[in-house]
Amino acid sequence: MKRDEVRQVDQIAIEEFGISGVVLMENAGRGATDWILKKTSPETPVGLLCGGGNNGGDGYVIARHLELAGRAVRVISMAELDVLKGDAAANAAIASKSGIQIEVARSEAELEDLIRPSDCLVDCLLGTGATGEPRGLYATAVQLANDTPGYRVAIDLPTGLDCDSGEVSETTFRADLTLTFVAAKAGFSNPAAAGVIGEVQVVGIGAPKCLLEQFGVF
Ligand SMILES: NC(=O)C1=CN([C@@H]2O[C@H](COP(=O)(O)OP(=O)(O)OC[C@H]3O[C@@H](n4cnc5c(N)ncnc54)[C@H](O)[C@@H]3O)[C@@H](O)[C@H]2O)[C@@H](O)CC1
Ligand SMILES: [K+]
């Protein structure tokens, strides 16, 4: 699916079918968690790199469900929690109230300190809302993650990969596993993307079958 199509599916599910965005995000986060649990060993601590939008919001849901599965988790946020909006703000607040460890990175030096080799790093930095190459701390986080040994998981799509063209920027998260919502993104079929998407698994978010059929993905 193209970026605009998958964003339309989210919007129609919310506005026409009345499924709240928080429910879609919960489904996304739970589905992603199941794959992370499947692919990593129980004693593997997980570091969630969260951006300032709903891709980051997914990370807070994943953190809560990984903890429920007995995993050690840590959230590293590129944004102050009080600037988050909507569904992302809701889930950051829930994670914070749940006592989940959340650290806000305010500089590259802090990021270097925070992105310790936690064996599994999850890229919840940018999803379909990305415009242009990753900027600022997002770029630093991608570079540090790529240089840190461990299993790398991208949520929805690897940060730095163009959703529709599959073009890889020099700052693209190199995922071993990409957990993508609703359907594989058009850019994944670009051979150039193979090196950064790794294994791809589609995670449903609860959008109704008839809506997916409208977009030819059921
Ligand atoms: N309710 C929903 O709409 C759902 C959305 N989902 C998640 O939400 C994502 C889309 O979330 P958003 O639309 O909030 O966008 P993103 O979370 O992808 O990113 C937007 C944020 O990043 C910043 N940004 C954009 N381009 C940047 C760049 N190049 N460098 C640095 N910062 C940049 C923007 O200012 C904004 O704060 C999807 O990819 C998916 O992961 C899923 O949870 C499914 C449900
Ligand atoms: K991502």
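As the structure lists them, so they are numbered: ligands from 1, and atoms in each ligand from 1.
Nearest to atom 20 (C) of ligand 1 among the protein's heavy atoms is G129 O, 4.0 Å. Of all protein heavy atoms, the one closest to atom 30 (N) of ligand 1 is R135 N, 3.0 Å. Nearest protein heavy-atom neighbour of atom 39 (O) of ligand 1: D156 OD2, 2.6 Å. For atom 1 (N) of ligand 1, the nearest protein heavy atom (residue, atom name, distance) is D87 OD2, 3.4 Å. The protein heavy atom nearest to atom 11 (O) of ligand 1 is N54 CB, 3.3 Å. Of the protein's non-hydrogen atoms, T128 OG1, 3.5 Å is the one closest to atom 10 (C) of ligand 1.
The angle that N55 OD1 and D123 O make at the K ion (ligand 2), rounded to 10°, works out to 80°. Around the K ion (ligand 2), the two atoms O of L126 and O of I155 are separated by an angle of 110°, to 10 degrees.
Note that NZ of K38 and CD1 of I36 are 11.5 Å apart. Values are rounded to the nearest 0.5 Å.
Of the candidates L84, D58, V83, D58 brings a heavy atom nearest to atom 42 (C) of ligand 1. Taking each of N55, T180, L157 in turn, the one with a heavy atom nearest to atom 17 (O) of ligand 1 proves to be N55. In the candidate list D10, L24, V22, T159, D10 is nearest to atom 3 (O) of ligand 1, counting heavy atoms.
The closest approach between any non-hydrogen atom of A130 and ligand 1 is below 4.0 Å. By the 4.0 Å heavy-atom criterion, T131 is counted among the residues contacting ligand 1. Ligand 1 is approached by R7 to a heavy-atom distance shorter than 4.0 Å.
Not counting sequence neighbours, R152 has no partner by the salt bridge (charged side-chain N to carboxylate O under 4.0 Å, His left out) test. Remark: D156 engages K185 in a salt bridge (charged side-chain N to carboxylate O under 4.0 Å, His left out) (not counting sequence neighbours).
By the criterion of a heavy-atom distance under 4.0 Å, both the backbone and the side chain of L126 are placed next to ligand 1.
Checking L157 against the K ion (ligand 2), an N/O/S atom falls under the 3.4 Å cut-off.
Taking only nitrogen or oxygen atoms, main chain and side chain alike, L125 does not reach within less than 3.5 Å of ligand 1.
Residues M25 and I62 are members of separate hydrophobic clusters, defined by side-chain heavy-atom contacts under 4.5 angstrom among Ile, Leu, Val, Met, Phe, Trp and Tyr. I205 and F215 fall within the same hydrophobic cluster, defined by Ile, Leu, Val, Met, Phe, Trp and Tyr side-chain heavy atoms under 4.5 Å apart, directly or through other members.
Tested against V46, the residues L66, V153, L37 include a single side-chain contact (heavy atoms from CB on, under 4.5 Å) partner, L66. The only member of T172, T171, D123 that meets side chain to side chain donor-acceptor pair (under 3.5 Å) when paired with T159 is D123.
Close approach to P134 involves these atoms of ligand 1, each under 4.0 Å from a residue heavy atom: 29 (N), 30 (N). Each of the atoms 1 (N) of ligand 1 lies under 4.0 Å from some heavy atom of G21. When each atom of ligand 1 is checked for a heavy atom of G127 under 4.0 Å away, the hits are 16 (P), 18 (O), 39 (O). Applying the 4.0 Å criterion to heavy atoms of G132 picks out, from ligand 1, the atoms 29 (N).
Between L111 and M78, the closest side-chain pair of non-hydrogen atoms falls below 4.5 Å. Side chains of D10 and F181 form no contact here, defined as non-hydrogen atoms less than 4.5 Å apart. Side-chain contact between L177 and Y151 is present, with at least one heavy-atom pair separated by less than 4.5 Å. Counting heavy atoms from C-beta outward, I94 and Y60 have side chains that stay 4.5 Å or more apart.
There is no side-chain donor-acceptor pair under 3.5 Å between S98 and R64. Side-chain atoms of R71 and T33 form no donor-acceptor pair, as typed in the model, at a separation below 3.5 Å.
Taking every heavy atom of both residues into account, A79 and G52 meet most closely at CB-CA, 3.9 Å.
Protein heavy atoms are found less than 4.0 angstrom from atom 7 (C) of ligand 1. Distance remark: protein heavy atom present below 4.0 angstrom from atom 13 (O) of ligand 1.
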